[in-house]
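Numbering of ligands and ligand atoms starts at 1, following listing order.
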Amino acid sequence: MRLVLLGAPGSGKGTQATRLREHLQVPHISTGELLRAAVAAGTPLGLQAKAIMSAGNLVSDEIVLGMLEERFQRSDTVHGFILDGYPRNLSQANALDVLLDRIGQSMDLAIQLEVDQELLVARLAGRAQAEGRADDSPEAVRNRLRVYEEQTAPVVDHYRTQGKLAHLDGVGSLDDVFTRILEAISPYADVG
Ligand code: ADP
């Protein structure tokens, strides 16, 4: 099945996507991870993205779409995928619909993990200590949350309008949240 995970930075998308990948046996595609790999490898794209990412701003739609198109060409995506970190604004949401349409596919479901702002800030502060990600500095975190509210939150309505939104409570233990996700996807379990 083809799933997209929506939620603010710190909402737990990445962690839940990893579990879902095991469960569904489809690849987890994280645009943040693809970008961080490009930065680490020092590719021209990575060099361009580095400063933008560490400030917590969005990399250009064009760059990210190109990266995603390339990723979809790999054969492991034929039975579906879990998309995490994309789409992050309405123009990316429209571009994704067009891209999938062109390869004869469409999204099955968008899962939104809702977590309130205070808890997000606390989770990200904890992660900053544990992982030392460049964009987990207090200033970059504030900016990422602002960018999410302004640009990414409207993407939720895009999927709601299409009748493809599952809005879930993202607060609780990892197991609790995963159970909610499994319930939300159960009607699609047989989608190949
Ligand atoms: P988080 O959800 O915690 O912000 P991600 O790993 O999804 O972390 O993204 C990290 C950074 O990578 C973003 O702040 C942004 O700079 C860049 N990025 C990831 N996905 C996209 C995207 N779809 N469009 C533009 N920039 C992106």
Could you identify the single nearest non-hydrogen protein atom to [atom] and state the distance to 0.1 Å?
atom	answer
atom 20 (N) of ligand 1	T31 OG1, 2.7 Å
atom 26 (N) of ligand 1	V59 N, 3.1 Å
atom 12 (O) of ligand 1	M53 CE, 3.4 Å
atom 3 (O) of ligand 1	R144 NH2, 2.7 Å
atom 13 (C) of ligand 1	R88 NH2, 3.8 Å
atom 15 (C) of ligand 1	N57 O, 3.4 Å
atom 8 (O) of ligand 1	R133 NH2, 3.2 Å
atom 24 (N) of ligand 1	Q92 NE2, 2.9 Å

For [X], counting its heavy atoms only, list the atoms of ligand 1 lying under 4.0 Å from any of them.
X	result
K13	2 (O)
D135	10 (C)
P9	1 (P), 2 (O), 3 (O), 4 (O)

- Query: Where does the angle between the aromatic ring planes of F81 and F72 fall among parallel (under 30°), tilted (30 to 60°) and perpendicular (over 60°)?
  - Reply: tilted
[atom1]/[X] to [atom2]/[Y] distance, rounded to the nearest 0.5 angstrom?
X	Y	atom1	atom2	answer
L58	Q151	CG	CD	5.0 Å
E114	S11	CD	OG	9.5 Å
H28	D84	NE2	CG	3.5 Å

- Item | Per-residue contact class, R127 against ligand 1 - non-hydrogen pairs under 4.0 Å | side chain
- Message: If you count every heavy atom of other residues, nucleotides or ligands that lies below 6.0 Å from E131 atom CD, does the total exceed 12?
- Response: yes
- Item | Pair D136 + R144: basic N to acidic O under 4.0 Å | yes
Do ligand 1 and [X] have nitrogen or oxygen atoms that lie under 3.5 Å from each other?
X	result
E33	no
Y86	no
L35	no

- Please tell me if the side chains of M107 and Q162 come closer than 4.5 Å, counting only heavy atoms from C-beta onward. no
- Query: When you check the side-chain N and O atoms of D135 and S54, is any donor under 3.5 Å from an acceptor?
  - Reply: no
- D176-S173 side chain donor-acceptor pair, cut-off 3.5 Å: yes
- Query: Do the side chains of L68 and L3 join up, straight or via other hydrophobic residues, at under 4.5 Å, putting them in one cluster?
  - Reply: no
